[in-house]
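Counting starts at 1 for both ligands and their atoms, in listed order.
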Amino acid sequence: MEALVLVDVQNDFMPFGALPVAEGDLVVPVANRLAAHHAIVVATQDWHPADHGSFAVNHAGKSPGDVIELGGTEQVLWPPHCVQGTPGASFHSALDVGRVTQVVRKGADPLVDSYSGFFDNDHRSATGLEALLRARGVDSLVICGLATDYCVNYTALDARELGFRVTVVADGCRAVDLAAGDGERALAAMAGAGCVVTTSAELLGG
Ligand code: VGL
Ligand code: ZN
């Protein structure tokens, strides 16, 4: 059984959002086309409390882009984004949420970030995504969303470690690219971990 995983297709990652991803809105039509072809569509949702440790404003003297240690792992600091219950945390209004069968929220623990849809960055707590996929007999994932170099990358790598077959739809992803090339390097890392990196045209035709 194959499931589609839509990673963080949320307003704050759109070009108009608090943590803007260039062309982030262009993943929405791709996500919708893929969703029309899947019976199981899981949408992950970055879901932070206002005091989250990944927000630079919560660390004296720190700015977005700085790196600190959080929960025993290296943490890039971000502008406040995807704060629980705010419009920025909502899915893009053009996302076909009627096709979404499950929503998995992550990043609620202020002391550790959760880029992956499966685990917090310290790998100590699970989000429930693996359990819900296993319960439905899912062994194969198609993944797209935002951002290529963070949440898509971590989700895809965890999925491979958990033994899922993974297809990453490159045109359905966009990168933060804090450093030029981060998105391309992430795609190469995913391919190196056994993910099939392809395009929506290749998968669906046209
Ligand atoms: C993400 C940075 C911070 C993502 C989430 O969805 O890729 N990136 N929080
Ligand atoms: Zn976040």
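Of the possible donor and acceptor atoms, one in the side chain of N32 sits under 3.5 Å from a partner among the backbone N and O of A94. Q10 places a side-chain N or O within donor-acceptor distance of the main-chain N or O of D46, the cut-off being under 3.5 Å.
When the options V197, L141, V196 are evaluated for a side chain to side chain contact (heavy atoms under 4.5 Å, CB included) with T167, the one that passes is V196.
Under the side-chain hydrogen bond (donor to acceptor under 3.5 Å, both in side chains) criterion, no residue pair touches residues 85-100, with sequence neighbours excluded.
Here 3 is the count of protein N, O or S atoms positioned under 2.8 Å from the Zn ion (ligand 2), waters not counted.
With sequence neighbours excluded, no residue satisfies salt bridge (charged side-chain N to carboxylate O under 4.0 Å, His left out) with E184.
Here the two rings, on H81 and F55, have centers that are under 6.0 Å apart.
Checking D158 against S116 by side-chain atom types alone, a donor-acceptor pair falls below 3.5 Å. T199 and D171 form no side-chain donor-acceptor contact under 3.5 Å, judged by distance and modelled atom types alone.
Within a 6.0 Å sphere centred on CZ of R165, other residues, nucleotides and ligands contribute 12 heavy atoms or fewer.
Within 4.0 Å of ligand 1, counting heavy atoms only, the contacting residues are D8, F13, L19, D46, W78, H81, Y115, L146, A147, Y150, C151.
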